[in-house]
K.L.:
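Here it is, the structure, as structure tokens.
Position 1 is the first residue of the sequence; numbering continues from there. None of these values were measured; they are calculated from a predicted model.
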Amino acid sequence: MPRPSRKKQILESLAQELEIQSGKRITTASLAKAAGVSEAALYRHFASKAQIFEALIGFAEESVFTRINQILEEYKETPERCYYIIYLLLAFSERNPGITRVLLGDALTGENERLHARVEQFFLRVESQFKQVLREAKMRGGVETVASEALTARLLTDWVEGRMHHFRRSIFKESPLHELEDCWRILAPALFKG
């Protein structure tokens, strides 16, 4: 197999193992077995287990933030942009339960502290995206928020993270998208003026 395919196979195996082995720590030996490679082959592609986790976080960042940029191009109304960013994050979580465990820090217990900082950075970027959307609306004279842009962005980010935690607590049985439209009908009027 070519190297990129093997790397991808290892990452997919880690994500799958994190979903299946919910609550258990993944060792390099068990990961190598799941990926169908030797531990030596695993280390030829990644210098450490931390690097494998970093690559998984990098995949999440690239997938999510590339799509957020597309949402910003496609939708112009502030509440609509916020809704579709929320939808994207929760849909990504639903499709990637193993990566959700990583993003929530659950799978990183006992791992390198740098990984926890990377995950924190992911959610700070999400919050920054919401802030940017809200500030642009204010500058254009669009819909304004009831509270400050910073507080509204934090609330939206925390709400998304909470839905992801609920998905994790349900052992990935209850979709984070469950009743999203109904929740948004309650949230949106509380967040936006008019």
K.L.:
Are Phe65 and Ile57 joined in one hydrophobic group, where the rule is that I, L, V, M, F, W and Y side chains link up if heavy atoms are under 4.5 Å apart?
P.N.:
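Phe65 and Ile57: one cluster.
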
K.L.:
Heavy atoms only: give me the nearest Phe46-Ala55 pair and the separation to one decimal.
P.N.:
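So the two residues come closest at CE2-CB, 3.8 Å.
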
K.L.:
Between Thr66 (side chain only) and Ser63 (backbone N and O only), is there a donor and an acceptor less than 3.5 Å apart?
P.N.:
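Side chain of Thr66 to backbone of Ser63, a donor-acceptor pair under 3.5 Å: no, none is there.
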
K.L.:
Can you list everything that forms a ring-ring contact (aromatic ring centres under 6.0 Å, His included) with Phe59? Sequence neighbours excluded, please.
P.N.:
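Here no residue qualifies.
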
K.L.:
Working to the nearest 0.5 Å, report the span between CZ of Phe130 and CD1 of Ile85.
P.N.:
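Interatomic distance, Phe130 CZ to Ile85 CD1, rounded to 0.5 Å: 5.0 Å.
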
K.L.:
Pairs in or reaching into residues 85-114: which pass ring-ring contact (aromatic ring centres under 6.0 Å, His included), with residues at least two apart or in two chains?
P.N.:
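For residues 85-114: none.
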
K.L.:
For residues Ala35 and Ser13, report the shortest heavy-atom separation together with the two atoms involved.
P.N.:
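Closest approach of Ala35 to Ser13, heavy atoms only: CA-OG, 3.2 Å.
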
K.L.:
Run the side-chain donor-acceptor check on residues 179-194: report pairs under 3.5 Å with partners two or more places apart or on a different chain.
P.N.:
residue: Asp182; atom: OD1; partner: Arg185; partner atom: NH2; Å: 2.2

K.L.:
Can you tell me which residue pairs pass the salt bridge (Lys or Arg N to Asp or Glu O under 4.0 Å) test with a partner in residues 79-94, sequence neighbours excluded?
P.N.:
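Every pair satisfying salt bridge (Lys or Arg N to Asp or Glu O under 4.0 Å) with a residue in residues 79-94: Arg81-Glu136.
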
K.L.:
Just wondering, more than 12 heavy atoms not from Lys138 lying within 6.0 Å of its NZ?
P.N.:
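Not buried by this count: 12 neighbours or fewer within 6.0 Å.
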
K.L.:
Please answer whether the main-chain N or O of Asn96 pairs with a side-chain N or O of Thr100 as donor and acceptor at a distance below 3.5 Å.
P.N.:
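The answer is yes, because a donor-acceptor pair under 3.5 Å joins these two groups.
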
K.L.:
I need the minimum non-hydrogen distance between Val160 and Ile86, along with the two atoms involved.
P.N.:
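Heavy atoms of Val160 and Ile86 come nearest at CG2-CG1, 3.8 Å.
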
K.L.:
Could you list the residues that satisfy salt bridge (Lys or Arg N to Asp or Glu O under 4.0 Å) with Lys49, not counting sequence neighbours?
P.N.:
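Expected list: Glu111.
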
K.L.:
Is there a side-chain contact between Glu19 and Arg101 in this structure, where contact means two heavy atoms from C-beta onward sitting under 4.5 Å apart?
P.N.:
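No, too far: nothing below the 4.5 Å cut-off.
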
K.L.:
Once rounded to the nearest 0.5 Å, what's the spacing between atom CZ of Phe122 and atom CG of Leu104?
P.N.:
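Output value for this atom pair is 10.0 Å.
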
K.L.:
Output the distance between atom CZ (Arg44) and atom OG (Ser38), rounded to the nearest 0.5 Å.
P.N.:
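If I round to the nearest 0.5 Å, the distance is 5.5 Å.
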
K.L.:
Could you state the interatomic distance from CZ (Arg118) to CZ (Phe123), rounded to the nearest 0.5 Å?
P.N.:
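Rounded to the nearest 0.5 Å, the CZ-CZ separation comes to 13.0 Å.
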
K.L.:
side-chain contact (heavy atoms from CB on, under 4.5 Å) for Gln129 and Gln132? Distances and angles first, verdict last.
P.N.:
CA-CA 5 Å; Gln129 287 287 265; Gln132 178 184 336; 3.3 Å; yes

K.L.:
Enter the distance from Leu89:CG to Leu177:CG here, rounded to the nearest 0.5 Å.
P.N.:
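Answer rounded to 0.5 Å: 10.5 Å.
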
K.L.:
Looking at every non-hydrogen atom in both residues, tell me the closest pair between Ile52 and Leu11 and how far apart they are.
P.N.:
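Looks like O-CD2, 3.5 Å.
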
K.L.:
Of the non-hydrogen atoms in Leu90 and Arg163, which two are nearest, and what is the gap between them?
P.N.:
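Shortest heavy-atom separation between Leu90 and Arg163 comes out as CD2-CB, 3.6 Å.
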
K.L.:
Is atom CD of Gln16 surrounded by more than 12 heavy atoms (other residues, nucleotides or ligands) closer than 6.0 Å?
P.N.:
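Count not over threshold, so no.
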
K.L.:
Restricting to pairs with a member in residues 142-162, which pass side-chain hydrogen bond (donor to acceptor under 3.5 Å, both in side chains), not counting sequence neighbours?
P.N.:
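Applying side-chain hydrogen bond (donor to acceptor under 3.5 Å, both in side chains) to every pair that reaches into residues 142-162, excluding sequence neighbours, yields Glu127-Arg154.
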
K.L.:
How close do Leu134 and Ala153 get, heavy atom to heavy atom, and via which atoms?
P.N.:
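Heavy atoms only, the tightest pair is CD1-N, 3.9 Å.
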
K.L.:
To the nearest 0.5 Å, tell me how far Phe53 CZ sits from Leu115 CG.
P.N.:
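Between Phe53 CZ and Leu115 CG, I get 7.5 Å after rounding to 0.5 Å.
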
K.L.:
Does Gln51 have more than 12 heavy atoms from other residues, nucleotides or ligands lying within 6.0 Å of its CD?
P.N.:
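Enclosed.
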
